Protein chains: 2
Amino acid sequence: MGTNEEAERSATQGGAAFLLAQLGAHAARAFAARIAALDLTPPQAGLLRMLAATPGRSQRRLAEDLGMPPSRFVPFADELETRGLIERRKNPDDRRSHALYLTERGVELLAELRKVGAAHERDVCAALSPDEHTQLTALLRRVAEQQGLTPGVHPGYRSS
Amino acid sequence: MGTNEEAERSATQGGAAFLLAQLGAHAARAFAARIAALDLTPPQAGLLRMLAATPGRSQRRLAEDLGMPPSRFVPFADELETRGLIERRKNPDDRRSHALYLTERGVELLAELRKVGAAHERDVCAALSPDEHTQLTALLRRVAEQQGLTPGVHPGYRSS
DNA sequence: TGACAATCGTTCAAATATGTAATCATTATT
DNA sequence: AATAATGATTACATATTTGAACGATTGTCA
């Protein structure tokens with residue numbers, strides 16, 4: 001009678017949690033492919049966004065929110081600084097920490113990034129009507145909030 | 001007027017695509033933490049599910065669907081075989097390929113896995129009413145289908 | 001004030017993971 | 001029968017990631 005099959009499907013493979021993981025990986029990969037045209041990886045794009053939202057943060061806190069160990073953050077920020085997208089300044093109040101800021105070029109690239117993000121959003125949700133799109137976003141936002149996720153922060157990699 | 005802020009939020013950080021990526025990573029990580037109690041990683045759980053769905057497939061096809069190169073699949077299957085969860089049998093029709101099957105213990109562990117999956121589903125969607133839960137699942141399923149995702153297959157890692 | 005612990009950024013070496021190419025057995029092609 | 005192609009495996013070379021250690025600076029407390 002196929003009840004067995006139905007139960008299995010709904011439990012692990014067809015449930016919302018699995019679909020979230022599957023679609024999340026798909027959306028992340030598609031986004032990565034798009035921003036590769038700007039020579040950016042998702043964590044790099046994340047840093048630019050974080051600096052636009054709250055400039056002048058220390059590397060340690062940024063690394064924490066990005067979910068990477070400080071030792072890995074150093075070469076990560078190095079490349080972005082070499083490319084002239086971000087800037088390290090000495091914090092006058094605490095001279096051992098570096099405050100990070102977007103450069104002018106960084107702000108420009110962020111504008112490009114937003115265009116790409118909008119196109120990505122449209123593409124991923126192409127199956128839905130405008131109403132449904134709004135509906136989905138609202139549901140997801142509530143789930144994210146209840147799960148304790150920080151808005152706008154994508155913890156790509158976990159660590160110690 | 002805050003319109004600027006609003007636009008930025010909706011474009012990249014608050015859109016459905018970003019929420020999908022964020023929630024997907026969160027759900028995947030939470031699931032990984034749960035099945036760690038069974039000494040399983042997400043790819044390992046995926047293989048068990050795939051073998052339950054269609055037994056006797058060749059390693060190459062399984063590796064393909066799992067998104068890993070065949071060379072990496074070998075030690076991956078080795079461990080599961082050592083632990084007595086899966087079994088390699090010579091395919092009589094084509095003796096160079098190995099057909100993979102679940103052992104009895106593998107079937108038992110899969111039952112445990114389903115319980116964990118159900119608990120995970122409940123936890124992730126705790127913010128939603130039963131109706132909303134159904135609604136979300138339906139929306140996600142349509143998006144997944146339109147994006148061309150294979151049902152029940154989570155391409156954890158991409159490769160060549 | 002001065003000694004000591006804690007923090008930030010950084011570097012470095014070791015462990016780990018990952019992909020590519022070569023290898024062996026078997027099967028398909030001609 | 002000779003040759004090409006395929007599946008599983010191995011070997012190796014390379015990249016990634018981690019954890020500890022270090023110098024510089026700041027906080028704490030006697």
Side-chain angles (χ1 to χ4, degrees), chain A residues 25 28-29 32-33 36 39-44 46-47 50-51 54-83 85-101 154-160, chain B residues 25 28-29 32-33 36 39-47 50-51 54-82 85-101 154-160:
Chain A
R29 174 157 33 245
D39 266 303
L40 283 179
T41 66
Q44 289 172 338
L47 181 59
M50 290 169 72
L51 291 186
T54 58
R57 308 185 64 193
S58 78
Q59 297 191 176
R60 195 158 276 265
R61 296 195 177 177
L62 293 165
E64 174 71 18
D65 279 0
L66 242 63
M68 61 170 67
S71 61
R72 203 141 70 81
F73 187 88
V74 173
F76 175 69
D78 283 348
E79 190 192 326
L80 257 26
E81 191 179 35
T82 303
R83 286 168 60 182
L85 299 174
I86 69 176
E87 187 185 1
R88 278 187 244 234
R89 295 187 206 160
K90 283 282 183 195
N91 184 349
D93 297 339
D94 185 345
R95 276 185 328 213
R96 47 197 174 158
S97 72
H98 281 167
L100 265 61
Y101 297 90
H154 188 307
Y157 306 90
R158 258 293 149 264
S159 63
S160 54
Chain B
R29 172 155 38 243
D39 267 302
L40 284 179
T41 65
Q44 289 172 340
L47 181 59
M50 290 169 72
L51 291 185
T54 58
R57 306 184 66 192
S58 78
Q59 297 193 175
R60 193 158 277 267
R61 296 195 178 177
L62 292 165
E64 173 71 18
D65 279 0
L66 240 63
M68 61 171 67
S71 61
R72 205 140 71 77
F73 186 89
V74 174
F76 175 69
D78 282 348
E79 191 193 324
L80 257 25
E81 191 178 35
T82 302
L85 300 174
I86 69 174
E87 188 185 358
R88 279 185 243 235
R89 296 187 206 159
K90 283 284 185 196
N91 184 346
D93 296 339
D94 185 344
R95 275 185 329 213
R96 64 205 154 147
S97 73
H98 280 166
L100 265 61
Y101 297 90
H154 188 308
Y157 306 91
R158 258 293 149 263
S159 63
S160 54

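Here is the naming used below: chain letters follow the sequence lines, and residue numbers restart at 1 for every chain. These figures come from a predicted structure and were not determined experimentally.
Scanning all heavy atoms of the two residues, the minimum distance from Arg88(A) to Ala77(A) falls at NH2-C, 3.7 Å. The shortest non-hydrogen separation linking Tyr101(B) to Pro55(B) is CD2-CB, 3.8 Å. Considering every non-hydrogen atom in both Phe76(B) and Leu66(B), the closest pair reads CE2-CD2, 3.7 Å.
Closest approach to the Ser71(B) side chain among dG7(D), dT27(C), dA21(C) is made by dA21(C) (side chain taken as heavy atoms from C-beta onward). Out of dT9(D), dG9(C), dT26(C), the shortest distance to the side chain of Arg95(B) is found at dT26(C). Listed candidates were dT18(D), dT10(C), dG7(D). Nearest to the side chain of Arg72(A) is dT18(D). Relative to the side chain of Pro69(B), the nucleotides dA8(D), dG19(C), dT26(C) differ in distance, and dG19(C) lies closest.
Atom CZ of Arg57(B) and atom P of dG7(D) are 13 Å apart (whole Å). Going from atom CG of Asp94(B) over to atom P of dA25(C) covers 16 Å, rounded to whole Å. In this entry the distance linking CZ of Phe76(B) with P of dT9(D) reads 14 Å, nearest Å. One can place NE2 of His98(A) at 14 Å from C1' of dT7(C), the figure rounded to the nearest angstrom. As a whole-Å value, the separation of Arg60(A) CZ from dA6(C) P is 14 Å. Protein atom CD1 of Ile86(B) is 12 Å distant from nucleotide atom P of dA8(D), rounded to whole Å. One atom, CE of Met68(A), and another, C1' of dT17(D), lie 11 Å apart when rounded to the nearest Å. In this structure, Leu62(B) places its CG atom 13 Å from C1' of dA8(D), rounding to the nearest Å.
Among the protein residues, Arg61(B) comes within range of no part of the nucleic acid, since none of its heavy atoms lies under 4.0 Å from any strand.
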- Message: Let's go through His98(B) and Arg89(B) carefully: what are the C-alpha distance in whole Å and the side-chain angles of both, what is the deciding distance for side-chain contact (heavy atoms from CB on, under 4.5 Å) to 0.1 Å, and is it a yes or a no?
- Response: CA-CA 6 Å; His98(B) 280 166; Arg89(B) 296 187 206 159; over 6 Å; no
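Of the possible donor and acceptor atoms, one in the side chain of Arg83(A) sits under 3.5 Å from a partner among the backbone N and O of Asp39(A).
Judged by atom type and distance alone, Arg96(B) reaches the base of dT6(D) through a side-chain donor-acceptor pair under 3.5 Å.
In this structure, Phe73(A) and Lys90(B) both approach DNA chain C, and ranking their closest nucleotides by distance from the 5' end singles out Phe73(A).
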